[in-house]
Amino acid sequence: MSESFSQFIKFTYTILSLKGIPRSKSWIINLHHIVSIEANAENDLKIFLMNNQIISISLGRDMSSEEIMNDILSLSAEGRNYSVYKIDSFERK
């Protein structure tokens with residue numbers, strides 16, 4: 001069986017309801033729409049898209065923002081699903 005890779009990556013994150021019940025959400029990003037990515041010391045990613053959108057992501061403690069940033073920029077993240085702590089914000093520039 002041959003492997004096929006999607007040009008998209010998926011960030012799955014969890015939001016708690018008012019009663020504290022986890023709800024899983026996801027955000028799918030087309031790799032070809034990424035202009036640049038920034039990683040900071042707080043283990044956060046900021047992804048800049050070509051349609052003037054910015055996505056800020058807080059990663060969990062077990063994930064390396066620098067490693068994920070390098071995977072995405074090298075296009076080796078195709079078809080991957082990353083579990084994150086939360087999506088901080090989504091905005092248009």
Report task. Take Ile9 and Ile28 through the test side-chain contact (heavy atoms from CB on, under 4.5 Å) and record every step on the way to the result. Result -> CA-CA 6 Å; Ile9 54 172; Ile28 296 174; over 6 Å; no
Requested in this report: Tell me, with the steps shown, if Met63 and Tyr82 meet side-chain contact (heavy atoms from CB on, under 4.5 Å).
Outcome: CA-CA 9 Å; Met63 302 186 80; Tyr82 295 101; 3.6 Å; yes
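Not one N or O on the side chain of Asp44 forms a donor-acceptor pair closer than 3.5 Å with the backbone of Asn40. With hydrogens and angles disregarded, no donor-acceptor distance shorter than 3.5 Å links the side chain of Asp71 to the backbone of Ala77.
Closest approach of Lys46 and Ile54 over heavy atoms only: CG-CG2, 3.5 Å.
Taking OG of Ser36 as the reference point, atom CG of Leu73 lies at 8.0 Å (rounded to 0.5 Å). To the nearest 0.5 Å, atoms CD (Gln7) and CG (Asn30) are separated by 4.5 Å. Separating the OG atom in Ser26 from the CZ atom in Phe11 is a distance of 11.5 Å, to the nearest 0.5 Å. Put simply, CG on Asn43 and CG on Leu59 are 5.0 Å apart, with the number rounded to the nearest 0.5 Å. Rounded to the nearest 0.5 angstrom, Leu45 CG and Glu66 CD are separated by 10.5 Å. Atom CD of residue Glu78 and atom CG of residue Leu31 lie 5.5 Å apart, to the nearest 0.5 angstrom.
Both Tyr13 and Ile37 are part of a single hydrophobic cluster, where members link through side-chain heavy atoms under 4.5 Å apart. The hydrophobic cluster containing Leu75 also contains Ile47, counting ILVMFWY residues as joined when their side-chain heavy atoms lie under 4.5 angstrom apart, directly or transitively.
When side chains are defined from C-beta on, Phe48 does not count as touching Ile34, because their heavy atoms never get closer than 4.5 Å. Side-chain contact check for Val35 versus Leu49: every heavy-atom pair is 4.5 Å or farther apart.
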